[in-house]
Protein chains: 2
Amino acid sequence: MSETLEKPLTASFETFLGYQLRRLSAAAMADLADALAEEGLSPTLATVLLIIETNPGETQARIGRALSIKRANIAPMIAKLEEEGLIRKSGTDGRSFALYCTAKGTATARRAEKVMRARERKVFGALSSEETKLFLSMIERARSAL
Amino acid sequence: MSETLEKPLTASFETFLGYQLRRLSAAAMADLADALAEEGLSPTLATVLLIIETNPGETQARIGRALSIKRANIAPMIAKLEEEGLIRKSGTDGRSFALYCTAKGTATARRAEKVMRARERKVFGALSSEETKLFLSMIERARSAL
DNA sequence: TATTGTTATACTCTATAACTATA
DNA sequence: TATAGTTATAGAGTATAACAATA
């Protein structure tokens, strides 16, 4: 255990918000994925389930647009949530379905939301509410520049 | 073009920094990937090339640790950069290699760095230097909570 | 014509496990 | 024993293209 401290490597992108953001986002995602594994959900699947629970009767096209998930990619997610008995489709339109959580899906969504909230507190709990507000406003400004 | 405004869907995670961060990071990544495509590099490959250019003679294990890329994942990246004539390996240790940019690799790294800097300005240029500093400090605090 | 859902396919990034060679 | 590099493999997540059915 000589524990030689490793000389840190330098790089210009270390000072880039884009890079640091990406690193933090990846680490937080992995942490959340671990925590959600006990519910059998990935972070993305959890957001899909939660938004259906909060907005019953919406179509998967609208849900996809709200989460920036393409139709082609959300189709198998919806199929998986249905297979697992978490949501059900109720044909209304002939070419689309109204989506609803089952009782099991609602219970899972509530637990997943608790997990997400707990991780949010764990990672960002040290920030003041002032800082949190500023953080969100900066994210919003950055997104509007894209 | 009746442009009916789509009713926004609600979800508790919309107020989570973790979620907004992920969305911003994904969008910024896609934007950067587009811009780097003309150099034939992905964002991750660009960071690997750049860190080799700034730290000549390092091994891929140390580079991987600096970027949080696993040995198993960085091996094919190094191989690709070498195939394209951007870096070269110089055996030193018997079980590892010192990595160096070729002239072509250095030129590509410089251009890639310009592209990254331009995108950084585009996305985060509206933030004041005070805000940028605070943003970085918040990211650092969040990362230390993981 | 435009939209919805679907399938096929490919790419990027990440993760684990197992192997060889060397320190 | 620990480390470096490599290969195989799997899993998320995302992207485009094409298709049938419906609006």
Side-chain angles (χ1 to χ4, degrees), chain A residues 1-4 6 19 22-23 25-37 40-48 57-83 87 89-99, chain B residues 1-4 6 19 22-23 25-37 39-49 57-83 87 89-99:
Chain A
M1 282 288 187
S2 74
E3 278 295 335
T4 310
E6 196 156 10
Y19 178 71
R22 186 166 115 209
R23 293 286 301 266
S25 173
M29 263 289 246
D31 182 66
L32 181 59
D34 270 358
L36 283 172
L41 294 172
S42 66
T44 301
L45 268 181
T47 60
V48 173
E58 294 290 347
T59 65
Q60 64 191 62
R62 276 169 56 73
I63 286 167
R65 278 193 295 270
L67 301 177
S68 291
I69 301 173
K70 294 239 183 319
R71 275 193 348 269
N73 293 326
I74 208 166
M77 296 180 191
I78 296 293
K80 193 187 176 195
L81 291 176
E82 194 184 17
E83 273 168 31
I87 64 172
K89 293 178 171 180
S90 167
T92 51
D93 182 288
R95 73 177 169 182
S96 64
F97 310 94
L99 300 174
Chain B
M1 282 288 187
S2 75
E3 278 295 336
T4 310
E6 198 157 12
Y19 177 71
R22 186 166 117 210
R23 292 286 301 266
S25 171
M29 264 286 245
D31 182 66
L32 181 58
D34 269 359
L36 283 171
E39 298 295 340
L41 295 172
S42 66
T44 302
L45 268 181
T47 61
V48 172
L49 179 63
E58 294 290 347
T59 64
Q60 64 192 65
R62 277 170 55 73
I63 286 165
R65 278 194 293 274
L67 301 178
S68 291
I69 300 174
K70 295 238 180 320
R71 277 196 341 276
N73 293 327
I74 207 166
M77 295 180 192
I78 296 294
K80 193 187 174 193
L81 292 176
E82 195 185 16
E83 273 167 33
I87 65 171
K89 293 178 171 180
S90 166
T92 52
D93 181 291
R95 71 176 169 181
S96 63
F97 311 94
L99 300 174

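Chain A is the first sequence line, chain B the second, and so forth, proteins listed ahead of strands; every chain is numbered from 1.
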message = Check this one for me: any side-chain N or O of S96(B) less than 4.0 Å away from OP1 or OP2 of dT3(D)?
response = no
note = Separation of dT7(D) atom P from Q60(B) atom CD, nearest Å, is 10 Å
remark   = Residue pairs meeting side-chain hydrogen bond (donor to acceptor under 3.5 Å, both in side chains), one or both in residues 70-81 of chain A, sequence neighbours left out, come to none
ask   = In whole Å, what is the span from the CD atom of E58(B) to the P atom of dA4(D)?
value = 12 Å
task = Let me know the distance between CG of L36(A) and C1' of dA12(D), rounded to the nearest Å.
result = 14 Å
remark   = Residues passing the salt bridge (charged side-chain N to carboxylate O under 4.0 Å, His left out) test with D93(B), sequence neighbours excluded, are R95(B)
inquiry  = Strictly below 4.0 Å: does T44(B) bring a side-chain N or O up to OP1 or OP2 of dC13(C)?
reply    = yes
request  = Using a heavy-atom cut-off of under 4.0 Å over every strand shown, decide if K80(B) touches base, sugar-phosphate, or nothing.
outcome  = nothing
message = Can you measure F97(B) atom CZ to dA21(C) atom P for me and round it to whole angstrom units?
response = 13 Å
A26(A): partners by side chain to side chain contact (heavy atoms under 4.5 Å, CB included), with sequence neighbours left out = none
query = Among residues 64-79 of chain B, which contact DNA chain D at a heavy-atom distance under 4.0 Å?
reply = R65(B), R71(B), A72(B), A75(B)
inquiry  = Go nucleotide by nucleotide along DNA chain C from the 5' end; which of R95(A) and R22(A) gets its closest nucleotide reached first?
reply    = R95(A)
query = Given atom CZ of R62(B) and atom P of dA4(D), what is their separation to the nearest angstrom?
reply = 9 Å
message = Rounding to an integer number of Å, can you tell me how far L32(A) CG sits from dG13(D) P?
response = 10 Å
query = Under the ring pair (Phe, Tyr, Trp, His ring centres under 6.0 Å) test, which residues partner F97(A), sequence neighbours left out?
reply = none
Among dA23(C), dT6(D), dA23(D), the nucleotide that comes nearest once only the side chain of K89(B) is considered = dT6(D)
inquiry  = Can you work out whether T92(A) or M29(A) has the more 5'-proximal nearest nucleotide on DNA chain D?
reply    = M29(A)
All side chain to side chain contact (heavy atoms under 4.5 Å, CB included) counterparts of E58(B), not counting sequence neighbours = K7(A), L9(A), N55(B), R62(B), I63(B)
task = Give the rounded distance in Å between these two atoms: CG of D31(A) and C1' of dA15(C).
result = 16 Å
